[in-house]
Amino acid sequence: MTGHDGVAIALFRAAFCGDAPAARQLLDARAAVDSQDAFENTPLLIAAYSGHVDIVKDLLDHGAAIDHRNCTGDAALLLAAAYPIRLAEPYGRPVARQKGHDETVRELLARGAATHYRNLDDESAIELAGAKGNVEAALDLLAHGAAFDPSNDFEGDPLHWAAAQGYAALASALLDRGASANRPSSDGSTALTWAVSYRRHAVTTVLLDRGAVVDELDRALIDDWLLWLEGKAEAAYEKMYDTHNSTDAAGAYSDAKGYLEDALALAGRLKVPEVVARLDARLAHIKAVFRSQFPS
């Protein structure tokens, strides 16, 4: 830790534990606000990671570098938006995400934190927030201009982007806030087109349940997806049938069952009873084979 003094250590401890009075007292006593540990974390990164917004405010009021990044490339905004996330250790096990993380995101954005940084795993705050289902953080980042990949005719539409990435919780929140499930890009693609193109099952389910229209292109893509799911299920079934190892068989059975259940869910939402019947019969057969092969 730079400084190697007890005051710096105490400030890190207060930032991690959420001891706002102690942190304030240390800062008023001129503790080094941007001291770094062996992993280049500062007290601001630790407070953001822990979701202690009051300490974040005090650190920023005392001049903490808002966009400092640690040895893994993570800045305070990314840590707060994407929590729980790997942090350069050692700082204890992650706990459940709490309201303070979203409040911390808002505070950092209000203070001008940069939204474009990517860590060494090439992950940005908006991408990680969406992937982890941290909806409020993702929406706040979008409202502050957090960039997502503008290619592939997303045309700045967050719902299209969320659908392509597979961020079901964010897609649902955007729909709740008035996004159109059927808004086309200039090439005619919709959020559903992107979801089925990338075979994002959860987002596809959300969009279909929320009234997305299935056009000819979407239906062709879904038909290909159904065939792919059936093929994966059959490959898993063959592995299950050929093995006499119960652990391997159980894994293969779980895979086959999962693929068929996904296919059934899609076919059911498309209202194609003949496909549903075929898949249902196949699933029943695979269940019966597994039970006969490895009776419990």
Side-chain angles (χ1 to χ4, degrees), residues 77-78 80-83 85 97 101-102 105-106 109 113-119 121-229 259 262-263 265-272:
L77 180 63
L78 195 150
Y83 188 87
I85 186 179
R97 184 176 177 83
H101 289 97
D102 292 332
V105 169
R106 294 188 189 101
L109 289 170
T115 61
H116 65 277
Y117 288 133
R118 309 183 79 84
N119 62 23
D121 292 326
D122 197 31
E123 300 162 324
S124 69
I126 180 62
E127 290 166 354
L128 278 166
K132 292 176 177 292
N134 298 336
V135 171
E136 293 304 319
L139 292 172
D140 286 334
L141 284 157
L142 287 170
H144 281 77
F148 54 86
D149 185 357
S151 63
N152 299 321
D153 296 314
F154 292 148
E155 297 178 5
D157 188 323
L159 181 59
H160 286 210
W161 171 74
Q165 298 297 325
Y167 301 155
L170 179 56
S172 183
L174 290 167
L175 289 165
D176 287 342
R177 287 159 175 76
S180 171
N182 296 306
R183 178 185 180 276
S185 296
S186 58
D187 65 353
S189 62
T190 63
L192 181 62
T193 307
W194 287 106
V196 298
S197 293
Y198 287 100
R199 294 176 178 172
R200 309 295 193 185
H201 184 82
V203 181
T204 298
T205 298
V206 167
L207 291 167
L208 289 174
D209 287 347
R210 300 290 286 271
V213 174
V214 182
D215 62 18
E216 290 185 11
L217 172 61
D218 297 334
R219 181 55 190 268
L221 289 168
I222 292 174
D223 286 344
D224 286 343
W225 189 1
L226 288 170
L227 289 173
W228 180 84
L229 286 167
Y259 287 126
D262 282 353
L266 281 174
R269 284 177 171 81
L270 290 175
K271 296 180 174 59
V272 281

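Computed over heavy atoms, backbone and side chain alike; hydrogens, waters and symmetry mates excluded.
The salt bridge (Lys or Arg N to Asp or Glu O under 4.0 Å) search around Arg200 returns none, not counting sequence neighbours. Residues passing the side chain to side chain donor-acceptor pair (under 3.5 Å) test with Ser124, sequence neighbours excluded: Glu127. Every residue two or more places apart in sequence or in another chain that forms a side chain to side chain contact (heavy atoms under 4.5 Å, CB included) with Ala171 is listed here: Leu159, Ala162, Val203. In this structure, the side chain to side chain contact (heavy atoms under 4.5 Å, CB included) partners of Leu227, at least two apart in sequence or on a different chain, are Glu230. Arg183 pairs by the salt bridge (Lys or Arg N to Asp or Glu O under 4.0 Å) definition with Asp157, not counting sequence neighbours. Asp209 is linked by a salt bridge (Lys or Arg N to Asp or Glu O under 4.0 Å) to Arg269, counting only residues two or more places apart in sequence or in another chain.
Side-chain contact between Leu128 and Asn119 is present, with heavy atoms from C-beta onward closer than 4.5 Å. Side-chain contact between Trp225 and Asp262 is absent, with no heavy-atom pair separated by less than 4.5 Å. The closest side-chain heavy-atom distance from Asp176 to Arg210 is below 4.5 Å. When side chains are defined from C-beta on, Val213 does not count as touching Asp218, because their heavy atoms never get closer than 4.5 Å. Side chains of His101 and Val105 form no contact here, defined as non-hydrogen atoms less than 4.5 Å apart. The closest side-chain heavy-atom distance from Arg219 to Val272 is below 4.5 Å. Between Leu139 and Arg177 there is a side-chain heavy-atom pair separated by less than 4.5 Å. Counting heavy atoms from C-beta outward, Trp161 and Trp194 have side chains that stay 4.5 Å or more apart.
Interatomic distance, CD1 of Ile126 versus OG1 of Thr115, reported as 9.0 Å (0.5 Å rounding). One distance of note links CG of Leu174 with NE2 of His160; it measures 11.0 Å at 0.5 Å rounding. Rounding to the nearest 0.5 angstrom, the gap separating the CG atom in Asp187 from the CG atom in Leu217 is 9.0 Å.
Using modelled atom types, no side-chain atom of Ser189 and backbone atom of Ser185 make a donor-acceptor pair closer than 3.5 Å.
Ala81 approaches Leu141 most closely through the heavy-atom pair CB-CD1, 3.8 Å. Nearest approach of Leu142 to Pro158, heavy atoms of both residues: CD1-CB, 3.9 Å. Taking both residues in full, the closest heavy atoms of Asp102 and Glu136 are given as OD2-CB, 3.8 Å, listed atom of the first, atom of the second, then distance. Summarising the geometry of Gly133 relative to Ala169, their closest heavy-atom pair is CA-CB, 4.2 Å, with the distance given to 0.1 Å. Between Leu207 and Ala195 the shortest heavy-atom distance is CD1-CB, 4.0 Å. In terms of heavy-atom proximity, Ala212 sits nearest to Leu192 at CB-CD2, 4.1 Å.
Test Thr204, Asp215, Val196 against Leu221 for side chain to side chain contact (heavy atoms under 4.5 Å, CB included) and you get one pass: Val196.
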